[in-house]
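Take a look at the structure set out below.
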Amino acid sequence: MLKSVLLEELTWTDVEAAVKSGVRTALVMTGSTEQHGPHLPTMTDAAIGQAVGERLAHKLGNAIMAPVVRPGCSDHHLAFPGSLSIPEPVFIDTVVAIVRSLAPHGFDAFVLLSAHGGNFAPLERAAEQLQAEFGPKGVRIISFGGRQGLLDVMRVMNDAAAEHGLRQDADAIHADVTETSVLLNRHAKLVEVERYERGLMGRIDTDELFRRGLKALTPNGILGDPHGATAALGETVIERLAEHFATETRARLGAG
């Protein structure tokens, strides 16, 4: 058995042995370093991605997770101090470079994911480029990017909140009860509970959000409401997202 499913915790000989034993799926999780309201750290998306990706790797059983990619495409957060963003071409090149690095080592399936909303569209473009390059070589590219990928992730997270009686009445969620709960589960000391504020609720035009930037729509940087967050809900969010990705990944790889 692998001593860890995290690539960064393995030696090169560990990776070589894992590939020879049939561990040939690599998870490429992308996150961000950006504001998450007055109560969550800028590492929030990366932390969520780390938790979900690691859980997913264990569920698949034949996968290793590459280090979370950060920063991400976060131009719409730059009005808030401390937020970082990289240009879309740089993001795409980074994802492509990770696959180009690992494919020659024997990995023949790559699962591309995001824990940050701004990465979903460029992640899909990266997947298209990788499919064109590696598809003919028999390397399978599984992408959870694009608009539908983003909608699916938010639906799963909101459904998890509903299980705990905390469904968010918002079309998009950011620093809300679900994200806050994951941080309470994994990094409780970094959550400023006394700074909880209700954010923008109700109907949200996500295209306008990306075009105008978050601060134009929600001065505190929150979409949804963090009140009621618990570590238990955080565990449910991690589990539901990991199971969603695992089910879809198995189906797509099986069909391949």
Side-chain angles (χ1 to χ4, degrees), residues 1-10 14-15 18-19 21-32 43-70 72 94-95 98-99 101-103 105-117 119-120 123-124 126-127 130 139-146 148-161 163 173 178-179 181-183 185-187 231-256:
M1 290 181 61
L2 280 172
K3 62 185 181 185
S4 174
V5 295
L6 304 179
L7 178 67
E8 57 200 336
E9 293 184 355
L10 302 174
D14 292 332
V15 176
V19 171
S21 71
V23 180
R24 294 177 183 167
T25 296
L27 310 182
V28 183
M29 176 67 76
T30 64
S32 69
M43 67 178 279
T44 292
D45 284 344
I48 294 171
Q50 183 77 26
V52 173
E54 186 171 359
R55 182 73 58 87
L56 172 59
H58 282 293
K59 284 182 176 291
L60 292 176
N62 65 341
I64 287 176
M65 180 183 173
V68 175
V69 175
R70 53 180 167 176
T94 300
V95 173
I98 291 172
V99 176
S101 296
L102 293 177
H105 301 155
F107 292 95
D108 60 12
F110 291 85
V111 183
L112 312 183
L113 312 109
S114 179
H116 163 56
N119 293 343
F120 279 81
L123 188 66
E124 189 67 9
L130 287 166
V139 175
R140 292 171 290 181
I141 306 297
I142 308 299
S143 171
F144 290 95
Q148 189 57 52
L150 174 58
L151 293 175
D152 287 344
V153 164
M154 290 193 295
R155 172 185 54 77
V156 171
M157 295 175 75
N158 218 347
D159 286 350
E163 291 183 41
I173 50 179
T178 59
E179 292 196 326
S181 291
V182 175
L183 268 291
N185 184 277
R186 294 304 176 98
H187 302 280
L233 171 54
E235 170 60 26
T236 300
V237 171
I238 294 167
E239 177 64 20
R240 296 294 179 271
L241 282 173
E243 187 59 34
H244 163 70
F245 290 131
T247 299
E248 285 293 315
T249 297
R250 293 189 194 104
R252 298 190 200 182
L253 289 178

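Keep in mind that the numbers below use all heavy atoms, side chains included, and drop hydrogens, waters and symmetry copies. Each residue takes its place number in the sequence, starting with 1.
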Less than 4.5 Å apart, side chain to side chain, heavy atoms only: is that true for [X] and [Y]?
| X | Y | answer |
| --- | --- | --- |
| Gln50 | Leu6 | yes |
| Glu248 | Asp152 | no |
| Val156 | Val237 | no |
| Lys3 | Asp14 | yes |
| Ile173 | Glu179 | no |
| Thr249 | Phe144 | yes |
| Val15 | Leu102 | no |

Whether the side chain of Arg140 engages the backbone of Thr25 through a donor-acceptor N/O pair (distance < 3.5 Å, no angle test) should be reported.
no
Taking every non-hydrogen atom, the tightest pair across [X] and [Y]:
| X | Y | result |
| --- | --- | --- |
| Leu27 | Gly53 | CD1-O, 3.5 Å |
| Val19 | Gly106 | CG1-CA, 3.8 Å |
| Glu9 | Ser4 | OE1-OG, 2.8 Å |
| Ala231 | Asn185 | O-ND2, 3.0 Å |
| Ala109 | Leu253 | CB-CD2, 3.9 Å |
| Phe120 | Val153 | CZ-CG2, 4.0 Å |

When rounded to the nearest 0.5 angstrom, what distance separates [atom1] in [X] from [atom2] in [Y]?
| X | Y | atom1 | atom2 | value |
| --- | --- | --- | --- | --- |
| Glu8 | Ile64 | CD | CD1 | 12.0 Å |
| Thr236 | Asp159 | OG1 | CG | 12.0 Å |
| Ile98 | Leu7 | CD1 | CG | 9.5 Å |
| Arg250 | Ile142 | CZ | CD1 | 13.0 Å |
| Thr178 | Met154 | OG1 | CE | 10.0 Å |
| Asn119 | Leu113 | CG | CG | 11.0 Å |

Sorted by chain and number, sequence neighbours left out, side-chain contact (heavy atoms from CB on, under 4.5 Å) with Ser21 holds for Val23
Across all chains, not counting sequence neighbours, the side-chain hydrogen bond (donor to acceptor under 3.5 Å, both in side chains) partners of Arg240 are Glu163
Set out, in order, the CA-CA distance, both residues' side-chain angles and the distance that settles side chain to side chain contact (heavy atoms under 4.5 Å, CB included) for Leu60 and Val5, then state yes or no.
CA-CA 10 Å; Leu60 292 176; Val5 295; over 6 Å; no
Glu239 vs Lys59, side chain to side chain contact (heavy atoms under 4.5 Å, CB included): CA-CA, chis, key distance, verdict: CA-CA 10 Å; Glu239 177 64 20; Lys59 284 182 176 291; 2.6 Å; yes
| query | Within 45 degrees of the axis of the six-membered ring of Phe245 and under 6.0 Å from its centre: does Arg55 put its NZ or CZ there? | reply | no
Residue pairs meeting salt bridge (Lys or Arg N to Asp or Glu O under 4.0 Å), one or both in residues 45-54, sequence neighbours left out, come to none
